[in-house]
Amino acid sequence: MTATFLDLTTVRNIGIMAHIDAGKTTTAERILYFTGVSHRIGEVHDGNTALDWTDQERKRGITITSAATTCHWRGHTINLIDTPGHVDFTIEVERCLRVLDGAVAVFDGVAGVEPQSETVWRQADRYGVPRVCFVNKLDRAGADLGRCVDMIAGRLGAVPLVLQLPIGAESGFTGVVDLVEERALVWTDGGEPDVRPVPPGLAAEARQGRARLVETLAEHDEAIMQLYVDGAEPPAERLHEAIRRLTVASAATPVLCGSAYKNKGVQPLLDAIARYLPSPLDAGGPRAASDREPLSALAFKIMTDRHLGRLTFVRIYSGRLETGAPVLNSVKNGKERIGKIYRVHANSREEIASAGAGDIVAVMGLKQTTTGETLCDPAHPVVLESMDFPSPVIEVAIEPRSKGDQEKLAAAIQRLAEEDPSFQVHADPETGQTVIGGMGELHLEVLTARMKDDHGVDANVGRPRVAYRETIRRAASKVEVTYRKQNGGKGQFAKVQISIEPIEEHYEFVNEVTGGRVPRHFVPSVDAGCQEAMRTGPLAGHEMTGVRVTLLDGDHHPVDSSELAFKIAGSLAFKEAVRRGSPALLEPVMAVEVTTPAEHMGAVIGDLNARRGRVEDTRPQGGAEVVRALVPLAEMFGYVGHLRGATSGRAVYTMQFDSYAEVPPGVAAQAT
Ligand SMILES: Nc1nc2c(ncn2[C@@H]2O[C@H](COP(=O)(O)OP(=O)(O)OP(=O)(O)O)[C@@H](O)[C@H]2O)c(=O)[nH]1
């Protein structure tokens with residue numbers, strides 16, 4: 001077992017992102033092969049890749065969970081995360097982006113920039129993740145690097161730095177011209193490329209390509225601009241430095257090309273990852289990326305391993321993580337102990353004694369830590385910025401198809417909720433049914449499918465419904481209730497007087513009783529009774545929010561009073577007060593952001609208005625228009641399909657919970 005000490009300048013924590021089928025997995029497999037991690041090339045269509053290793057992934061030939069692996073290239077350590085491309089799994093992409101320092105965006109050279117590449121690109125924009133582009137599949141008929149580059153600029157609003165030209169096309173695609181070094185790289189046997197002079201037939205095109213590259217760099221980089229103004233031909237080394245500066249600053253994006261499947265173009269891509277993408281030292285944060293600093297690390301993924309149990313994936317930002325060491329979960333303010341530490345390679349893993357700043361490892365033994373939480377040195381607490389996981393706003397009731405599966409279903413739900421922080425579960429207070437909540441219809445559909453595929457539980461689900469809330473519109477003061485019961489022996493007696501008033505959200509309890517009329521130890525029981533009553537509102541049984549309760553007065557009996565009696569009295573008083581407080585129904589309102597090509601903007605806005613939406617603003621972004629609106633969730637069912645249809649799949653949207661608002665009277669009648 002080894003402890004690892006890394007020279008951080010040589011570490012690259014990167015992800016590969018793309019539209020489905022662009023060739024992410026194939027590219028990642030080639031990276032593993034050429035860096036010597038795997039000795040044999042796995043093919044997606046043979047179902048034997050090293051990275052897509054879960055059963056369904058092999059069966060379906062797609063990537064669902066992101067696998068992490070480490071490889072080495074020319075003195076660099078590359079921690080590689082293969083992320084899924086399906087829209088259903090964006091939460092996976094999101095949590096990877098949070099901890100990555102850089103990414104490779106793979107495009108299909110025939111299809112160009114596809115909708116999912118747009119979505120992921122914008123997510124990477126949001127997290128400020130620098131990228132290099134790899135235009136793949138140049139061996140296919142119809143592949144066109146130039147068109148793809150235009151789309152990268154036009155649709156994604158990026159500044160492409162084209163570093164290569166293809167040599168030949170389709171089955172005659174043999175290699176690339178390296179515009180920076182002014183040479184040709186030709187692959188003859190699937191191994192290392194032959195380095196040759198630029199073919200005479202491509203010399204003019206190569207000169208133009210290099211001139212364009214220098215011009216673009218000069219526009220954005222001071223040092224190259226100086227050389228440009230002086231009329232000097234910049235040497236390759238100066239260009240590499242400028243490309244790195246602009247890439248790390250996310251001001252421009254290098255574009256490379258090749259055919260992963262035919263083993264062409266992968267080594268230069270690895271060179272570009274090492275040369276241009278940032279190291280952990282380039283990433284900002286509250287502490288310097290150094291082993292000598294106190295520990296700070298972010299848990300970004302929980303996975304249940306068939307053999308090892310619960311594994312927590314952790315990105316270390318500073319300090320060292322040691323086997324057996326106590327650490328603080330600064331979000332929960334709880335102590336955890338680091339069990340075994342693993343460096344992960346797809347489905348196999350190597351146990352290590354410790355790991356340092358900049359590293360990504362899997363840890364066994366963490367009990368309470370969930371996604372997005374910080375682990376740190378107990379003597380130097382710090383909370384790192386978490387990821388955004390909006391609270392679930394959609395629910396469905398779920399039950400096992402066969403009664404005997406009840407326990408299995410509960411276990412499956414618990415496992416899935418541990419892995420996915422945006423998925424929650426509770427029991428319906430009225431029906432006793434199990435209700436699962438998530439971020440959208442698709443999200444819940446995928447989770448239900450996984451219960452069957454991964455955990456063997458067939459479940460019936462109800463129709464998706466909005467998670468409504470109830471509240472009060474006005475205060476009700478001095479509501480008095482006496483609870484009295486006499487049956488045989490000991491009686492029950494409690495008297496309380498409360499006031500309630502509306503507040504912004506949640507629930508507050510204030511005790512203003514002085515003297516011994518309500519003995520101190522019964523006050524929490526009154527609170528508990530009110531909280532219990534909050535769980536079922538008077539209008540339609542939805543959970544209540546936005547109420548402050550003040551306990552004003554009451555009375556007790558020296559023998560007959562009990563905690564139960566005060567709890568019941570509290571609950572009854574609360575219900576009566578709410579009746580007087582003009583109860584109202586609240587619905588979740590979502591902050592919706594639609595990114596659409598300009599030609600569809602009118603239709604998108606009209607449709608949002610028709611959904612009771614309020615458009616907040618619009619702005620241009622990277623060749624598209626972004627519309628921001630507040631829309632009741634109840635009107636957003638089926639929006640994914642509607643938007644896809646209305647814009648030929650070219651608009652994308654994100655939606656997250658904004659606030660609760662009162663349901664208008666006409667609509668409320670249907671909701672209750
Ligand atoms: N002709 C050609 N086919 C390729 C190339 N790269 C990948 N493919 C094929 O394209 C298909 C999709 O490749 P994947 O690597 O699975 O794509 P992915 O982007 O990882 O897809 P998901 O894992 O489903 O998100 C497979 O059949 C590959 O063999 C290439 O350079 N040329």
Side-chain angles (χ1 to χ4, degrees), residues 14-34 38 40-69 80-94 96-97 103-121 123-124 131 133-145 148 164 166-176 185 187 190 193 255-270 346-347 446:
I14 63 153
I16 302 189
M17 51 192 229
H19 188 86
I20 174 174
D21 274 354
K24 279 186 316 290
T25 305
T26 307
T27 306
E29 287 292 327
R30 295 316 190 262
I31 287 177
L32 296 188
Y33 177 71
F34 289 117
S38 57
R40 177 182 69 73
I41 290 178
E43 295 300 350
V44 174
H45 51 249
D46 295 338
N48 63 359
T49 60
L51 283 171
D52 280 353
W53 60 280
T54 64
D55 292 345
Q56 322 90 297
E57 285 175 349
R58 292 211 167 147
K59 206 159 60 198
R60 298 178 195 162
I62 57 168
T63 310
I64 297 173
T65 49
S66 47
T69 192
L80 185 70
I81 299 215
D82 184 34
T83 55
H86 294 253
V87 69
D88 317 12
F89 309 109
T90 38
I91 187 101
E92 287 282 337
V93 182
E94 190 98 4
C96 293
L97 284 171
V104 175
V106 177
F107 298 94
D108 179 329
V110 182
V113 175
E114 296 168 272
Q116 183 61 19
S117 332
E118 285 191 49
T119 312
V120 187
W121 190 273
Q123 282 179 307
R131 278 143 274 178
C133 296
F134 183 64
V135 177
N136 188 32
K137 301 198 183 183
L138 286 196
D139 61 302
R140 282 187 56 202
D144 186 340
L145 175 66
C148 203
Q164 297 173 335
I167 302 174
E170 301 181 16
S171 56
F173 171 68
T174 55
V176 298
L185 302 172
W187 283 267
V255 180
L256 295 95
C257 62
S259 161
Y261 182 55
K262 296 278 166 75
N263 302 318
K264 296 185 171 102
V266 179
Q267 295 95 339
L269 176 63
L270 279 160
N347 57 340
V446 170

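Throughout, residue positions are numbered sequentially from 1 according to the sequence presented. Order of appearance sets the numbers: ligands from 1, and atoms from 1 within every ligand.
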Numbered atoms of ligand 1 (with element) below 4.0 Å of [X], judged on heavy atoms:
X: Ser259; result: 30 (C), 31 (O), 32 (N)
X: Ala260; result: 31 (O)
X: Thr26; result: 6 (N), 7 (C), 13 (O), 14 (P), 15 (O), 28 (C)
X: Arg140; result: 1 (N)

Would you check whether Ala18 has a nitrogen or oxygen atom less than 3.5 angstrom from a nitrogen or oxygen atom of ligand 1?
no
Judging by distance only, is a nitrogen or oxygen of Lys262 under 3.5 angstrom from one on ligand 1?
no
Rounded to the nearest 0.5 Å, what separates atom [atom1] in [X] from atom [atom2] in [Y]?
X: Ile167; Y: Cys257; atom1: CD1; atom2: SG; answer: 9.5 Å
X: Glu170; Y: Ser259; atom1: CD; atom2: OG; answer: 12.5 Å
X: Trp187; Y: Lys264; atom1: CH2; atom2: NZ; answer: 9.0 Å
X: Asp139; Y: Lys262; atom1: CG; atom2: NZ; answer: 4.5 Å

Assess Ala22 for proximity to ligand 1: is some non-hydrogen atom of it under 4.0 Å away?
yes
Is a donor on one side and an acceptor on the other found under 3.5 Å between the side chain of Arg131 and the backbone of Trp121?
yes
Okay, side chain of Asn136, backbone of Ala260: is any donor-acceptor separation there less than 3.5 Å?
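Yes; judged by distance alone, with no hydrogens or angles, the pair exists.
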How does Asp139 reach ligand 1, if at all, at less than 4.0 Å between non-hydrogen atoms: by side chain, backbone, both, or neither?
side chain
